[in-house]
S.K.: 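Okay, handing you the structure first.
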Amino acid sequence: MRQKLVIGNWKMHGSLAANTALLEGIKAVPARARLAVCAPFPYLAQCQSLLAASNVAWGAQDVSAEARGAFTGEVAASMLAEFGVSYVLVGHSERRSYHGETDATVAAKALRALEFGIVPVVCVGETLAQREAGQTEAVVGRQLGAVLEALSLEQLGQIVLAYEPVWAIGTGKTASSEQAQAVHAFLRGQVAARDAGVAGRMAMLYGGSVKPDNAAELFSMPDIDGGLIGGASLKSDDFLAIGNA
Ligand code: PGA
């Protein structure tokens, strides 16, 4: 049995005061799933100090593919590691579309995170136009393929995969549990073609308008091991309800 994992993606939201209230609320109640929050870089120290003695893990939303150097504005994996980060999102669709991140860049970021003991949460997903054109499997297969190619089997065994259809992110439109399960099964099959054992152990999260009222059904699907939660991760009650779904 794979343990359920629910990761909050705060995106560019938060303040010191709001985060304190949110984190105190989240850590006060034990959840059935393992919980983590991915915060903006300036708040990682705050997450570390408030969550260190809790069961809630914390992570970042991006990492540089480079180790160090003249890359103004970038943040290195070694720096994230110094703040006790367990997870880092790589290849979120907002990074791919607004910052031009390619499949190769995403794979390089995943490798860099692993080098510093941070679990990369590799995000893949198709746009509405791609889905309507019947290209969903081709798109997510290509996105995952770059990572399958770049990582050793041992490294692959350490990542988390997140399927986030772009059309479901922040739109209130969720993929139906059957739609999500079908893509998850496809993705697990792609990993299994490389190694069945790694595929069987890999946590695969669904993301895109997950809410307390649809989480249980999504998480009951055989290949959906939890969620990557945007909007609903900003309210402790909603996030906890999803963590218990
Ligand atoms: P959402 O975002 O839950 O607000 O749709 C999910 C994500 O982008 O990770």
Side-chain angles (χ1 to χ4, degrees), residues 5-14 36-41 59-65 73-75 87-113 119-148 150 159-177 179-184 186-188 190-191 202-211 214-215 218 223-234 242:
L5 172 63
V6 172
I7 301 181
N9 172 13
W10 290 359
K11 309 196 179 187
M12 200 169 72
H13 294 289
V37 295
C38 289
F41 295 130
Q61 299 170 14
D62 186 30
V63 63
S64 177
E74 293 282 281
V75 175
Y87 299 97
V88 64
L89 308 182
V90 296
H92 189 280
S93 61
E94 288 152 18
R95 301 291 319 171
R96 292 181 191 261
S97 65
Y98 306 147
H99 302 274
E101 291 191 10
T102 63
D103 297 335
T105 307
V106 174
K109 289 182 174 202
L111 272 173
R112 191 64 73 187
V119 173
V121 180
V122 176
C123 304
V124 301
E126 82 288 4
T127 64
L128 186 58
Q130 289 166 333
R131 172 163 283 263
E132 286 174 345
Q135 294 168 350
T136 299
E137 291 190 353
V139 170
V140 300
R142 189 202 71 222
Q143 292 170 336
L144 172 62
V147 174
L148 290 177
I159 74 166
V160 169
L161 193 60
Y163 168 56
E164 295 204 310
V166 178
W167 49 273
I169 293 178
T171 58
K173 277 191 206 162
T174 329
S176 69
S177 45
Q179 281 174 321
Q181 165 60 26
V183 179
H184 279 238
F186 169 76
L187 292 168
R188 203 178 297 282
Q190 296 296 106
V191 180
M202 186 177 288
M204 293 194 184
L205 312 182
Y206 168 78
S209 299
V210 179
K211 301 281 182 282
N214 60 22
L218 284 160
D223 288 296
I224 301 183
D225 305 315
L228 181 55
I229 319 298
S233 73
L234 298 171
I242 293 168

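Here the structure is a predicted model, which is why all the values come from computation and not from measurement.
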S.K.: Return the CG to NE2 distance between Leu234 and His13, rounded to the nearest 0.5 Å.
M.R.: 5.5 Å
S.K.: Ignoring hydrogens and geometry, is there a side-chain-to-backbone donor-acceptor pair from Lys109 to Ser64 under 3.5 Å?
M.R.: no
S.K.: Determine the minimum heavy-atom distance between Ser209 and Ala168, stating which atoms define it.
M.R.: OG-O, 2.7 Å
S.K.: Grab the two heavy atoms, one from Ala180 and one from Ile224, that are nearest each other, plus how far apart they are.
M.R.: CB-CD1, 3.7 Å
S.K.: Should the pair Tyr163 and His184 be assigned to parallel (<30°), tilted (30 to 60°) or perpendicular (>60°) ring geometry?
M.R.: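 Judged by the thresholds at 30° and 60°, the geometry between Tyr163 and His184 is perpendicular.
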S.K.: Atom CG in Asp62, atom SG in Cys38: separation rounded to 0.5 Å?
M.R.: 11.0 Å
S.K.: Could you walk me through whether His92 and Gln61 satisfy the side chain to side chain donor-acceptor pair (under 3.5 Å) test, starting with their C-alpha distance in whole Å, then the side-chain angles of each, then the deciding distance to 0.1 Å, before giving a yes or no?
M.R.: CA-CA 8 Å; His92 189 280; Gln61 299 170 14; over 6 Å; no
S.K.: At their closest point, which heavy atom of Ala113 faces which heavy atom of Val88, and how far apart are they?
M.R.: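 What the structure gives for the nearest pair is CB-CG1, 3.6 Å.
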S.K.: What's the separation between atom CD1 in Ile7 and atom CG in Leu205, rounded to the nearest 0.5 Å?
M.R.: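 Output value for this atom pair is 5.0 Å.
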S.K.: Say you draw a straight line from OG1 of Thr105 to CZ of Arg112; how long is it, rounded to the nearest 0.5 Å?
M.R.: 12.5 Å
S.K.: How long is the gap from CG on Asn214 to OH on Tyr206, to the nearest 0.5 Å?
M.R.: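 Nearest 0.5 Å value for the CG-OH distance: 7.5 Å.
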S.K.: Applying side chain to side chain donor-acceptor pair (under 3.5 Å), can you list everything that pairs with Gln130, at least two apart in sequence or on another chain?
M.R.: Thr127
S.K.: For Val121 and Val90: C-alpha separation, side-chain torsions, deciding distance, then whether side-chain contact (heavy atoms from CB on, under 4.5 Å) applies.
M.R.: CA-CA 6 Å; Val121 180; Val90 296; over 6 Å; no
S.K.: Looking at every non-hydrogen atom in both residues, tell me the closest pair between Ala110 and Val122 and how far apart they are.
M.R.: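 Looking at all heavy atoms of both residues, the shortest contact is CB-CG2, 4.3 Å.
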S.K.: When you check the side-chain N and O atoms of Glu126 and Trp167, is any donor under 3.5 Å from an acceptor?
M.R.: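 Distance-only check passes for Glu126 and Trp167.
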S.K.: Apply side-chain contact (heavy atoms from CB on, under 4.5 Å) to Ser233 and Trp10, showing your working.
M.R.: CA-CA 7 Å; Ser233 73; Trp10 290 359; 3.6 Å; yes
S.K.: Can you tell me how far CD1 of Ile229 sits from CG of Asn9, rounded to the nearest 0.5 angstrom?
M.R.: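 Answer for the CG-CD1 pair, Asn9 versus Ile229, is 9.5 Å.
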S.K.: I would like to know whether Leu228 and Leu89 meet side-chain contact (heavy atoms from CB on, under 4.5 Å); could you show each step before the answer?
M.R.: CA-CA 10 Å; Leu228 181 55; Leu89 308 182; 3.9 Å; yes
S.K.: Decide yes or no on side-chain contact (heavy atoms from CB on, under 4.5 Å) for Gln143 and Val106, but give the supporting numbers first.
M.R.: CA-CA 9 Å; Gln143 292 170 336; Val106 174; over 6 Å; no
S.K.: Who are the side chain to side chain donor-acceptor pair (under 3.5 Å) partners of Ser93, not counting sequence neighbours?
M.R.: none
S.K.: Strictly by salt bridge (Lys or Arg N to Asp or Glu O under 4.0 Å), give each pair with a member in residues 138-148 just once, sequence neighbours left out.
M.R.: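 Applying salt bridge (Lys or Arg N to Asp or Glu O under 4.0 Å) to every pair that reaches into residues 138-148, excluding sequence neighbours, yields Asp103-Arg142.
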S.K.: With a 4.0 Å cut-off, would you call Arg96 and Glu101 a salt bridge?
M.R.: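 Between Glu101 and Arg96 there is no salt bridge, as every charged N stays at least 4.0 Å from the carboxylate O atoms.
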S.K.: With distance as the sole test, does Ser177 use its side chain to make a donor-acceptor pair with the main-chain N or O of Leu218 at under 3.5 Å?
M.R.: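 Checking the backbone N and O of Leu218 against the side chain of Ser177, no donor-acceptor pair under 3.5 Å is found.
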S.K.: Has Thr174 got a side-chain atom pairing as donor or acceptor with Ser176's backbone, closer than 3.5 angstrom?
M.R.: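 No, the answer is negative, given that no donor and acceptor are paired below the 3.5 Å cut-off.
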